Structures are given as C-alpha cells and as structure tokens.
Amino acid sequence: MTLPATSLSIRRHGADGTVALLDTLTDIWAQAHTGHDDVAEAGFTPETLRRQITAHTRHDGFALIVASSADQAVGFAYGFRCTPAYWYGEQLLPSITPDARHTDSLAGICELAVLPDWQGQGVGTHLHTVLLEALSTEWVSLLVMPGNGPARRLYDRLGYRYAGPYRSGPDGPVLDLLLLRTPV
C-alpha cells in the first residue's frame, strides 16, 4: 500500500486517551513485529506491551502520537519525561555522557511501531519528529533490539548514538541503549 504521507493525520493523546486505544496499539505493534522471532524470544508480547503502556501513562509528561489514514491508525510512538537515574539505571548511569547524565531535561521513547504496509514511507520518522516536539526535552533515549537492523538504521539516521548495553533485570534481554541530543 503506497499512499502519500500527506494522507496521514497525526494526533497527540495524553494518558486518559491512551487507555481507550490499547487494543489498536497492541495490534499495530504485533503486526509490526510479525516474523521478528527475537522479539518474542526476549519476552516482548502484545500483553507485555499493554502492561507497559498502562504503567507508563502514570508518568508526568506522557505523550502518545498516533498516525492515521482514512480514520485507521497506521502507526504510533510514545514516551515520557524522566530522570537520568530512572531511565539509565544505576549500572549504566556512570557510563552516560556527563551532559545527558546530569540533565533535568530527558525523555524516554518507549515504543515506535508502524504497520508493515506503511513502513519505509517516512511514517516512523514523522512520528518520531512529532513525539520529540511533544516531549520537548534536551535529550531523548530509547532501547532497540541489537539485531533489529531496520530500526537501528532509522535511529542512526536520526542522529542517535550508542550509549551502552541495557538490561532491565537479571533475566531480561540485553538491549542497545541509544541517546540523542535534540535540537531544542
């Protein structure tokens, strides 16, 4: 499906509006990750995404951006403002660049997913841009699966730099933590 990006509408949602969209968000996420066995092997499922989003809506500065075409959601991105200690964790914090480690202007981008038929058309880049504007922080950070070449190429093109390996818990998968200084 090749439709021009101008056929997209972009809408921002806060925490309250996000709960009503959970089924749509998890469906987009599941379709975007079809065939990515490493995601399932790492323990990421639509149900874990649903719990993650629900928990994240409680953070100040939570923002969800949804791209739609003909009133059908085709992609989303969300994140929230946070402290470096919260986002990086005790083990990784000392290795983060001092400017990003001591900032009071950081946001974590938690998810960006686009339906397969819409991938490669700039939807993800557009969602990312609008989310950065909504979060309005000096620094943003995100996690990516080490083997996810397309996502990593997108984030490299957007200016992200590798900050180190990240593990959310002793049994959690090792992810790549990426960091971007925003042009605010």
Side-chain angles (χ1 to χ4, degrees), residues 1-82 86-87 107-137 140-145 147-155 157-158 160 168 172-173 175-176 178 180:
M1 171 187 300
T2 303
L3 295 175
T6 55
S7 68
L8 289 178
S9 65
I10 303 293
R11 185 161 180 211
R12 178 181 177 178
H13 300 270
D16 293 339
T18 300
V19 174
L21 293 170
L22 282 174
D23 288 341
T24 299
L25 302 177
T26 55
D27 184 55
I28 290 170
W29 183 90
Q31 288 184 54
H33 290 89
T34 298
H36 297 191
D37 296 336
D38 57 336
V39 173
E41 289 170 10
F44 300 118
T45 67
E47 190 52 43
T48 58
L49 177 71
R50 179 183 293 278
R51 286 192 305 270
Q52 173 185 297
I53 293 172
T54 301
H56 289 162
T57 61
R58 298 180 188 114
H59 289 274
D60 289 337
F62 175 89
L64 167 69
I65 309 299
V66 177
S68 299
S69 178
D71 294 325
Q72 166 129 9
V74 299
F76 73 94
Y78 86 90
F80 57 88
R81 295 178 68 101
C82 55
Y86 172 86
W87 189 256
I109 295 179
C110 304
E111 195 62 55
L112 190 155
V114 176
L115 289 174
D117 287 347
W118 287 85
Q119 293 174 6
Q121 298 180 49
V123 177
T125 300
H126 192 61
L127 283 165
H128 180 267
T129 299
V130 174
L131 181 59
L132 289 186
E133 291 170 3
L135 294 170
S136 186
T137 57
V140 293
S141 185
L142 54 81
L143 300 168
V144 65
M145 296 288 293
N148 190 338
R152 186 60 189 265
R153 284 189 293 281
L154 168 66
Y155 297 133
R157 186 173 47 78
L158 293 172
Y160 282 87
S168 62
L175 304 171
D176 289 343
L178 305 180
L180 173 71

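Computed from a predicted model, the values in this text were never measured in an experiment.
The line from OG1 of Thr129 to CD1 of Ile65 is 11.0 Å long, rounded to the nearest 0.5 Å. The distance from the CG atom of Asp176 to the CG atom of Leu143 is 9.0 Å, given to the nearest 0.5 Å.
Looking at residues two or more places apart in sequence or on another chain, you find no side-chain hydrogen bond (donor to acceptor under 3.5 Å, both in side chains) involving Arg58. The salt bridge (Lys or Arg N to Asp or Glu O under 4.0 Å) test applied to Arg50 returns Asp23, Glu47, not counting sequence neighbours. Partners of Tyr160 according to the side-chain hydrogen bond (donor to acceptor under 3.5 Å, both in side chains) rule, which considers only residues two or more places apart in sequence or in another chain, are His128. For His126, the side-chain contact (heavy atoms from CB on, under 4.5 Å) partners two or more places apart in sequence, or in a different chain, are Ile10, Val130.
Counting heavy atoms from C-beta outward, Leu112 and Tyr155 have side chains that approach closer than 4.5 Å. Residues Thr45 and Thr48 meet the side-chain proximity criterion, which asks for heavy atoms closer than 4.5 Å. Under the 4.5 Å side-chain criterion, counting only non-hydrogen atoms from C-beta, Leu180 is in contact with Leu132. A heavy-atom distance below 4.5 Å is found between the side chains of Arg157 and Thr125.
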Distance-only donor-acceptor hits, side chain of residues 71-82, under 3.5 Å, sequence neighbours excluded:
from: Tyr78; atom 1: OH; to: Gln52; atom 2: NE2; distance (Å): 2.8
from: Tyr78; atom 1: OH; to: His56; atom 2: ND1; distance (Å): 2.8
from: Arg81; atom 1: NH1; to: Leu135; atom 2: O; distance (Å): 3.1
from: Arg81; atom 1: NH1; to: Ser136; atom 2: O; distance (Å): 3.0

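Closest approach of Leu115 and Ile28 over heavy atoms only: CD2-CA, 3.9 Å. Residues Thr57 and Thr54 approach most closely at OG1-O, 2.7 Å, considering heavy atoms. Minimum interatomic distance between Arg152 and Val144 (heavy atoms only, all atoms of both residues): CD-CG1, 4.3 Å. Across Leu21 and Leu64, no two heavy atoms sit closer than the pair CD1-CD2, 3.9 Å. When all heavy atoms are compared, the tightest approach of Trp29 to Ala113 is CA-CB, 4.1 Å.
The stretch residues 11-22 participates, sequence neighbours left out, in no side chain to side chain donor-acceptor pair (under 3.5 Å) pair at all.
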